[in-house]
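See below for the structure under consideration.
Given the structure is predicted, the values throughout are model-derived calculations rather than measurements. Computed from heavy atoms alone, side chains included, the values below leave out hydrogens, waters and symmetry copies.
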Amino acid sequence: MEHIRLPKVENVRLLDRVSPRRRRVGTLYLTATHSIFVENESGMRNETWVLHSLVCNVEKQAASASGCPLLIHCKNFQVLQFVISRERECHDVHLSLQRLSQPERYEELYCFSYKPNIDEEERRQEWDFLDLKADYSRMGLPNSLWKLSPVNQHYKVSDTYPADLFVPESATPPVIVGSSKFRSRGRFPALSYYSKENHAAICRSSQPLSGFSARCLEDEQMLEAILRSNPRSDFMYVVDTRPKLNAIANRAAGKGYENEDNYSNIKFQFIGIENIHVMRNSQQKMLEVCELRSPSISDFLEGLESSGWLKHIKAVLDAGIFIAKAVAEEGVSVLVHCSDGWDRTAQVCSVASVLLDPYYRSLKGFMVLIEKDWVSFGHKFSHRCNHLVGDPKEVSPVIDQFLECVWQLMEQFPCAFEFSERLLITIHSHIYSCQFGNFIGNNQRERIELGLRERTHSLWSYIWTNRADYINPLYRPNHSQTQGLLRPSTAPYCFKFWSGLYNRFDRGMHPRQSVEDYLRAIQEETQQLEEQLTSHKEKITQIEQEQEWNVTSKETTFDKSPTVWALGNDLGLANTPQDYTGGFITSSPCQPKADSSLILLPKDLNQTSDSNFSNSSDQESGIADVSCRSPLSEDSTRDADSDEAAYSAA
Amino acid sequence: MEFAELIKTPRVDGVVLHRPFMPIVEGTLCLTGHHLILSSRQDNTEELWLLHSNIDSIEKRFVGSLGSIIVKCKDLRVIQLDIPGMEECLNIASSIETLSTLDSVSLMYPFFYRPMFEVIEDGWNSFLPQDAFKDLESMTDEWRLSEVNKDFTVCPSYPPLVAVPKDVDDDTLRKVATFRHGGRFPVLSYYHKKNGMVMMRAGQPLTGTNGRRCKEDEKLINATLRPGKRGYIIDTRTISVAQQAKARGGGFESEANYPQWRRIHKAIERSNVLQESLIKLVEACNDQSHNMDRWLSKLEASSWQTNVKEILTTACLAAQCIDREGASVLVHGTEGADSTLQVTSLAQIILDPACRTIKGFQGLVEREWLQAGHPFQQRCAQSAYSNTKPRQEAPVFLLFLDCVWQILRQFPCSFEFSESFLVLLFEHAYASQFGTFLGNSAAERAKLSLPEKTVSLWSWVNRPQELERLTNPLYEANSLVIWPSVAPQSLLLWEGVFLRWNRSSKCLDEAYEEMVHIIEYNKELQNKVNTLRRQLAQLETEDPLLHTP
């Protein structure tokens, strides 16, 4: 491979980020798709795989006597710190990784070289797994109020919109085209969600090109058509998700917002969600807090506050709640827009849909929702997620915020979602990994041009195949929490920090026993018991009826408790302390024999002075070691045969 | 004194009660010597029975002749009573104020309470020191039970029986007691069966500014070390606080006089700071502004989570010294009755699986808090809403419970009890019909004849129906040491206490029920399958054909 200056470096140290005194020594390999660190420890094959497309930056730090440190930040929030002994090698690895992690053309992306062992016919079927038309028919569309419009076939009216769009029955092509000319990027008002029960709808668009006084008759007719498609309502909301100041500033550029006087029966509303630049900076600050070495509670809380992250999450959720309530409780239709209608609009419409419709809280429905409100409506995934080297100002964690809103809801409504946190994390990871074709490109038109359906695999079918991993054991379709509108509280204390995502790779921070896994194991056992029960009953009836000799089948007995299955690895974790000492304890002559290998107290830290008894508690422990040894813990094993593919590509 | 004198208006009709997450109730308000009762006399509405001792403070508001009393409880609940009639309202308010702040312990409700349940096992006898010592004797013969304090003269805050090194006689103990704050000479807190290491606790040594020594103290402490072994002294105060203590006659063990011991200073706050922290935290939780920045900054400013982290870290350190370093540990702060007990009891939760059972945890509370002389009555006299200037009040025990909750959350399958047990202990420590948490020490409890005159909380808890309610359905005995994470990301606000009255827990309760249902259904199926399997086996053996070769 042309970009790999050095395929293999020996004697590389991988430091534990939170406690650099713990390190692993091994060999670093660079392949076309992954960096692979193989630990030299005898007997144990311990590998760390990092996909190049997940690398968001590589930083070569000042060399010291021990070598040249290389810091790698990943888009899935993994942080790796290597120390390479020779500066020259470090330089080569640095340049290689920089190039490999910043592809210039779509063709370089991992999805085009990712070839799991699936034949072409099956691959094609993967892409038929989700069908958006089926979702619209689930909503009861088309009907007498809404129709499928062919107006954007071949992307002639709006090149960032999907080809198939639902518009009010009364909206004629001239009205639609006229309206589109009055909207940024031609993104005219189109249907996002329709409530069968009360005919209220959520529509979305971009901002109107109203400037200080411009009007557009067709646009006014378009909004009136939306209003008329909800026969029981005499007004509609127009929600501008931007802060008012931002919207006003846009007027000077010939853009802006709807004037209530020009549109009949609209109620106009600003909801102040900040723009992509504010969100990018906020997440950056929040991640810096996550990366602090042994922070105090004050460091953490102050940092979290000054990042503003949770405030932004609350703003998105508040906006979603406003819209969901308008639809479900008032029966009023809503038109949502921001500037271009592909960031905040996507967030708010999809959050509202999750709140409104239990279907979107099912595993399949959630995938449909992302496909509809994000992928098809042209959220610019490749720009926002930095898939290709490009304008850093285009990058923003807009989809992260949506996934987090859903997570916050899951925390408040533990029984309402068919899927668990694990699904959100997997989706997050693959939005950035470029392993699947789903999120490549910025809109439908680009995806068709790239031939993604023809050349890549679909994440949705992968998830569906492995759905047992993503099911929330507490979900029951007939549970009261599952039904109807969710009414979350948005009091500040209801928002939690999502360490499961942002500190995902700091395993020592997470609960060492998982209730979810425990319950999942119980349910699995229950299912087997149900089968046994039926078969026993049948056998007994058979014996009783026939009174004939029967072959006894070997019984499976359940003497093994489910915890043992679920927590086999985690109990190992349970048995290793963090460093609560701040490093003053020297290794003592009588370390316990059996499990002492888990704690590594370097001998060179014989500090004895009183002043060293700091109250800090860094994260050093044997935890990371243990987790790496456990076969289930390495994420790459979960991610669809990535190993195999990379080997073949290498 | 007659309670009747304090109750000017015993009864008011037409009172409207507002409670969090419950429908408004209109009914008759009655005051008794110990309770505030509101009853609508309808079958379907729940009555309010509130112990006066649970009332932390009240506020009065008047709109015309309609008065409202806002009652703020020690369990952090806030309720409102709308009382028609200015005079009635004022009378009720003043009666509540007096009845909720009675100084005399013997007037407290536990002395009047008669149990409505059958006592299966008298909780006053459930956790006797001599029984605990029997367990110790089965593991080691290096310790003995001393009666030196049988009349509470050597140490007024210690129980009559304490475990001390076998080779140290009572005279030595008496001398050591004069060298330790409050006479709290070093006693055994925990024996680690796995490696024979021990944890002891004491009051601070009274070294003073001129570095006073006590040979007997040095001898006692060294007697707990195995030959060639070192130990750690964990002083829960920072070095500077410990230095300052010298000026008041206190101090710490100098390494020169205790060469086999290494001293570590941690920074657990003193009780008055903790009380301030609780007040600020509860104020933050009740802030109605719905502003995220304000919430995070108030939460931070309360320092509550910082206190949790510091206490937990110190306990982990003690446990680590014992289990990982194979060293014995002596823990003390100033008096040795607050932060010391937080550390020693939490370290046992981490190290000893027995403390993670319901009975074991009760035993721990009994040993390390009640017998060890944590002044519950002083510490729990007021909670977060009190307007009076705190004297001795401090949420020391509540912080301990919070830390246990943090560990429970990180190891949800390793505890036999559920969160509700911890909440229950919090409530009863502050206001209770049971005598368990009355008094400040074993001596005071003996003087008050609590075992004879009141019912023990454990008598009530240790009945099948209560135990069932408090049992964690996920529990699977875990014999390992459990090391919690103390990273800020791992320590959460204890919603079950601090947000209990601020946000509805309906959905979380439903999730809990769902979990119980999943587990119970599994058990039910196991039983059914086993029954059928036996039936099948029987049918098969009865079948004559089966016996033919």
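- Between chain A and the options B:Leu499, B:Leu508, B:Thr531, heavy-atom pairs under 4.5 Å are most frequent for B:Leu499.
- Put simply, CG on B:Leu474 and OH on A:Tyr518 are 6.0 Å apart, with the number rounded to the nearest 0.5 Å.
- Counting heavy-atom pairs closer than 4.5 Å to chain B, the top-ranked of the candidates A:Ile540, A:Leu301, A:Leu304 is A:Ile540.
- Residue contact with chain B, scored on non-hydrogen atoms closer than 4.5 Å, involves the backbone and the side chain of A:Lys537 alike.
- When all heavy atoms of A:Ile522 and B:Asn522 are compared, the pair lying nearest together is O-ND2, 3.3 Å.
- Counting only distance, with no hydrogens or angles, the side chain of B:Gln489 and the backbone of A:Phe497 share no donor-acceptor pair below 3.5 Å.
- Of all the listed residues (B:Arg503, B:Met515, B:Glu524, B:Glu300), the one sharing the greatest number of non-hydrogen pairs under 4.5 Å with chain A is B:Glu300.
- Between A:Gln532 atom CD and B:Asn530 atom CG the span is 9.0 Å, to the nearest 0.5 Å.
- With a 4.5 Å cut-off on side-chain heavy atoms, A:Glu544 and B:Gln535 count as touching.
- Of the residues considered (B:Pro484, B:Ser504, B:Ser303), B:Pro484 shows the highest number of contacts with chain A, using heavy-atom pairs under 4.5 Å.
- Neither the backbone nor the side chain of A:Ser306 has a heavy atom closer than 4.5 Å to any heavy atom of chain B.
- Only the side chain of B:Tyr521 comes within contact range of chain A, with at least one heavy atom under 4.5 Å from a heavy atom of that chain.
- The candidate from B:Asn291, B:Ile350, B:Thr238 with the greatest count of non-hydrogen atom pairs under 4.5 Å with chain A is B:Asn291.
- Within the model, atoms NE2 of B:His290 and OH of A:Tyr493 stand 5.5 Å from one another, a figure rounded to the nearest 0.5 Å.
- The contact between A:Lys311 and chain B is made by backbone and side chain atoms together, counting heavy-atom distances below 4.5 Å.
- Only the side chain of A:Phe495 comes within less than 4.5 Å of a heavy atom in chain B; its backbone stays farther off.
- With a threshold of 4.5 angstrom between heavy atoms, A:Ser296 approaches chain B through N, CA, C or O but not through any side-chain atom.
- Listed for the B:Thr306 side chain is no donor-acceptor partner under 3.5 Å among the backbone atoms of A:Ile297.
- Contacts with chain A were tallied for B:Lys528, B:Glu510, B:His517; B:Glu510 has the most, counting heavy-atom pairs under 4.5 Å.
- Neither the backbone nor the side chain of B:Asn195 comes within less than 4.5 Å of any heavy atom in chain A.
- Residue contact with chain B, scored on non-hydrogen atoms closer than 4.5 Å, involves the side chain of A:Ser499 exclusively.
- With a 4.5 Å cut-off on non-hydrogen atoms, A:Gln412 touches chain B through its backbone but not through its side chain.
- Between atom SG of residue B:Cys507 and atom CG of residue A:Leu474 there is a gap of 12.0 Å, rounded to the nearest 0.5 Å.
- Side-chain atoms of A:Gln513 come within 3.5 Å of backbone N or O of B:Cys413 as a donor-acceptor pair.
- The distance from the CD atom of A:Gln481 to the NZ atom of B:Lys506 is 6.5 Å, given to the nearest 0.5 Å.
- Per-residue counts of heavy-atom pairs under 4.5 Å with chain B were compared for A:His510, A:His479, A:Gln527; the largest is that of A:His479.
- Summarising the geometry, atom CD belonging to A:Glu525 is positioned 13.0 Å from atom CD1 belonging to B:Ile518; distances are rounded to the nearest 0.5 Å.
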